[in-house]
Amino acid sequence: MAGKVTQLALVDCNSFYCSAERVFRPDLKTTPIVVLSNNDGCIVSRTAEAKALGIKMGVPWFQIKDFAEEHGVVAFSSNYELYSDLSNRVMTILSSYSPRSEVYSIDECFVDLTGTPRLRDVTYEMHERVLKWTGIPVGVGVGSTKTLAKLANHVAKTHPRSKGVFNFNDLSITQQEKLLRQIPVDEVWGVGRKLTKRLVSHGVTTAYDLKIANTAVLRSEFGVVMERTQRELQGIQCIDLEDMQAPKKQMLRSRSFGKPVTNLHVLLDALSVFTTSAVQALREQHSTTSLIQVFLMTNRHRQDQPQYNPSMVIPLPTATNDTQVVYQWVSHLAELMWKDGYAYAKAGVMLGELAPESNQQFDLLEPRQRSNSKLMVAIDGLNARFGKGCVRVSTGGIFSEWGMKQQRKSPAYTTSWSHLPVI
DNA sequence: TCTCCGATTAGAC
DNA sequence: CTAACGGTCTAATCGGAGA
């Protein structure tokens, strides 16, 4: 057993949101597709065909709409119910391959395949099975660390000969070096735009350069994160597989409005929806909050209009996960910050200082808050059974003015999808 | 001088 | 017709305030 090579797979869905839309639209099999962010703002997913047209990630849709439509690109508003349903199916399949796996994001999963017999066959089988059972194409990259698995996944997706599967551990030392020399440093996990610029100015342009850079210099110039990345490239595990999902340390709900908000009641309506969602998520992970922040923002892209971006934080004497208690503070802060004469483009509620429910501390000087936990449990139950939003707090979203712009959303396939038998 | 804290930065997806 | 540029989350780092 000792010295056995770690075989860590990273499975990543190809153009996940686009692929999810395609599952229910086989007629678009070869059509360029893009999926847009909230409010139909930016490109957040694109198929290979859309990439081939030169459509870049993150570009505002309005800037390329005409070009895209001329080239037959089909655009969808994002449909998160659909994507999370499909994601769950993919993750269920993948986690059946190992007792140790980590759902890293909606479209990515690390799977520890160390010691798996006939590993090569198994990785190809994963690739085929996910496609066959869900309709979602994936890439499988294997390496001895998370960073190398990520890099291998990149190779699996970009190198046509890999057929969607690539194991970095199958290479000889010489082959590994040759490969890493071909990979630009910005493809390395944890190296973003800013760091790429600085690394290049130090002569580090490829993954290989980073791997063999002077560790002490790297550490002092770029910090501990970069040092970890380097170690990972060298095959030394620094980033562990996180089997258990850790509870979130903060909950944020914010949204840009479909059109500017100029009325306090409409703002409060939006904030009540954000609060409800954030506090429900809080209860789902059995946490409480004792720090509430509310912020409002005008449209920073409109320099011709007056700008106002207030934010207020309030520490609570007693931790809570009661929607009504939180909303009382949220609305209070919002009313304090509200000023007429501004066109608000976005707002948000952030809950901080999250702590486990069980550890609840009571402030001896404050009157003990009446616990509404039974009411909250009942509300969560009703909303789960009869649909989200069936029981609301405050106005809870009855105003439609602030809602998202979503002109291109695909139908609710998931409604019927959820009635299908589980594979 | 050290420590703590909030704000800022950078990254992932 | 015009205007139109995402949302959540974590961790490290920086700089000032207070001990």
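Here is how names work: the chains are called A, B, and so on, in the same order as the sequence lines, proteins then strands, and each is numbered from 1.
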Looking only at side-chain atoms of [X], point me to the closest of [options].
| X | options | result |
| --- | --- | --- |
| Val44(A) | dG6(C), dT10(C), dC5(C) | dG6(C) |
| Lys346(A) | dG11(B), dG6(C), dG7(C) | dG7(C) |
| Leu195(A) | dC9(C), dG7(C), dA10(B) | dA10(B) |
| Arg302(A) | dA4(C), dC5(C), dT8(C) | dA4(C) |
| Arg253(A) | dG7(C), dC5(C), dT8(C) | dT8(C) |
| Lys249(A) | dG6(C), dG7(C), dT10(C) | dT10(C) |
| Cys42(A) | dA11(C), dG7(C), dG6(C) | dG6(C) |
| Asn38(A) | dC9(C), dG6(C), dA10(B) | dG6(C) |
| Lys194(A) | dG7(C), dA12(C), dA10(B) | dA10(B) |
| Val224(A) | dT13(C), dT8(C), dC5(C) | dT13(C) |

Is [X] touching bases, backbone alone, or none of the nucleic acid, heavy atoms closer than 4.0 Å?
| X | result |
| --- | --- |
| Val59(A) | nothing |
| Trp189(A) | sugar-phosphate |
| Lys248(A) | sugar-phosphate |
| Lys405(A) | nothing |
| Arg198(A) | nothing |
| Leu36(A) | nothing |
| Glu108(A) | sugar-phosphate |
| Asp107(A) | sugar-phosphate |

Side chains of [X] and [Y], donor plus acceptor under 3.5 Å:
| X | Y | answer |
| --- | --- | --- |
| Glu232(A) | Thr147(A) | yes |
| Gln7(A) | Asn167(A) | yes |
| Thr320(A) | Asp322(A) | no |

Using both distances under 3.5 Å as the test, list the Watson-Crick or G-U wobble partner of [N], or none.
| N | value |
| --- | --- |
| dA19(C) | dT1(B) |
| dA4(C) | none |
| dT13(C) | dA7(B) |

Between [X] and [N], is there a contact of a side-chain N or O with OP1 or OP2 at under 4.0 Å?
| X | N | result |
| --- | --- | --- |
| Ser254(A) | dT8(C) | yes |
| Arg255(A) | dT8(C) | yes |
| Ser256(A) | dG7(C) | yes |

What is the distance from [atom1] of [X] to [atom2] of [N], rounded to the nearest Å?
| X | N | atom1 | atom2 | answer |
| --- | --- | --- | --- | --- |
| Asp40(A) | dA3(C) | CG | P | 19 Å |
| Gln250(A) | dA7(B) | CD | P | 13 Å |
| Ile239(A) | dT10(C) | CD1 | P | 16 Å |
| Arg228(A) | dA12(B) | CZ | P | 14 Å |
| Leu252(A) | dG6(C) | CG | P | 14 Å |
| Glu242(A) | dA11(C) | CD | P | 8 Å |
| Ile43(A) | dA4(C) | CD1 | C1' | 13 Å |
| Phe295(A) | dG6(C) | CZ | P | 13 Å |

Starting from the 5' end of DNA chain C, give me the residue, Phe62(A) or Ala246(A), whose nearest nucleotide shows up first.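 With Phe62(A) and Ala246(A) compared, the 5'-side residue is Phe62(A).
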
Would a 4.5 Å heavy-atom cut-off, applied to side chains only, mark Trp329(A) and Leu316(A) as touching?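 Counting from C-beta outward, Trp329(A) and Leu316(A) do come under 4.5 Å.
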
With a 4.5 Å cut-off on side-chain heavy atoms, are Ser78(A) and Tyr83(A) touching?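 Of all side-chain heavy-atom pairs linking Ser78(A) with Tyr83(A), at least one is under 4.5 Å.
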
Given the rule in the salt bridge (Lys or Arg N to Asp or Glu O under 4.0 Å) test, do Glu125(A) and Arg129(A) qualify, once you have shown the distances and angles that lead to the verdict? CA-CA 6 Å; Glu125(A) 187 197 286; Arg129(A) 182 173 289 183; 2.9 Å; yes

Aromatic contact, Tyr80(A) with Tyr17(A) (centres under 6.0 Å):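 Under 6.0 Å, so yes.
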
